[in-house]
Amino acid sequence: QLVVSGGGLVQAGGSLRLSCAASGRAFSNYFMGWFRQAPGKEREFVAAVSVSGGRTYYANSARGRFTISRDNAMLAVYLRMESLKPEDTAVYYCAASKYDRAIIGSLYDYWGQGTQVTVSS
């Protein structure tokens, strides 16, 4: 089970940190990712982190502004978002995949419930 928290309303240029808490010790065996879906748009990849946390992957829209990290001892993965833009407004989901380097949603096995991030201009 994945439980997402940390969304909210923020002004453009602001920051938010999303958290995803996992249950189960198998968490440390999963490649973890963040996705988002804006109204009327398809779900898109945002960022992902390897099992050890040593490798990270970002969508072009997120690179340089977002930072993904994980704490296997705490069974959690985080997404730090800075310099937020109105186009970052979406529901953000964390997900777990058995596949290394997974950047498409169909490769993910488990999904959190999502959290709304709204960036006002």
Worksheet item: Is it true that a side-chain atom of Thr115 and a backbone atom of Tyr92 form a donor plus acceptor pair closer than 3.5 Å?
Response: no
Worksheet entry | Donor-acceptor under 3.5 Å (Arg70 side chain, Ser50 main chain) | yes
Practice prompt. Among residues two or more places apart or on two chains, list those pairs meeting ring-ring contact (aromatic ring centres under 6.0 Å, His included) that have a residue in residues 57-83.
Written response: Phe31-Tyr57
Item to complete: Output all residues satisfying ring-ring contact (aromatic ring centres under 6.0 Å, His included) with Tyr93, sequence neighbours left out; order by chain, then residue number.
Response: none
Discussion item. Restricting to ring-ring contact (aromatic ring centres under 6.0 Å, His included), what partner residues turn up for Phe27, sequence neighbours left out?
Written reply: none
Practice prompt. Please collect all salt bridge (charged side-chain N to carboxylate O under 4.0 Å, His left out) contacts where either partner lies in residues 100-121, sequence neighbours excluded, each pair once.
Written response: Arg55-Asp100, Lys98-Asp109
Worksheet item: Is the closest side-chain heavy-atom distance between Gln11 and Leu84 below 4.5 Å?
Response: no
Item to complete: Among residues two or more places apart or on two chains, list those pairs meeting salt bridge (charged side-chain N to carboxylate O under 4.0 Å, His left out) that have a residue in residues 1-21.
Response: none
Worksheet item: Can you tell me if Ser23 uses its side chain to pair, donor with acceptor, with the backbone of Gln1 under 3.5 Å?
Response: yes
Worksheet entry | Cluster link Tyr110 to Leu79, ILVMFWY, side chain under 4.5 Å | yes
Discussion item. Restricting to ring-ring contact (aromatic ring centres under 6.0 Å, His included), what partner residues turn up for Phe45, sequence neighbours left out?
Written reply: Phe35
Worksheet item: Should Arg36 and Asp88 be marked as a side-chain contact (heavy atoms from CB on, under 4.5 Å) after you check the CA-CA gap, both sets of side-chain angles, and the distance that decides it?
Response: CA-CA 9 Å; Arg36 68 186 183 187; Asp88 294 318; 2.9 Å; yes
Worksheet item: Below 4.5 Å, heavy atoms only, C-beta onward: do Leu2 and Met32 meet side chain to side chain?
Response: yes
Worksheet item: If you round to the nearest 0.5 Å, how far is SG of Cys94 from CD of Gln113?
Response: 7.5 Å
Worksheet item: Between Met81 and Trp34, is any pair of side-chain heavy atoms under 4.5 Å apart?
Response: no
Discussion item. Under 4.5 Å between side-chain heavy atoms, counting indirect links through other Ile/Leu/Val/Met/Phe/Trp/Tyr residues: same cluster for Val49 and Tyr108 or not?
Written reply: no
Discussion item. If you count every heavy atom of other residues, nucleotides or ligands that lies below 6.0 Å from Leu107 atom CG, does the total exceed 12?
Written reply: yes
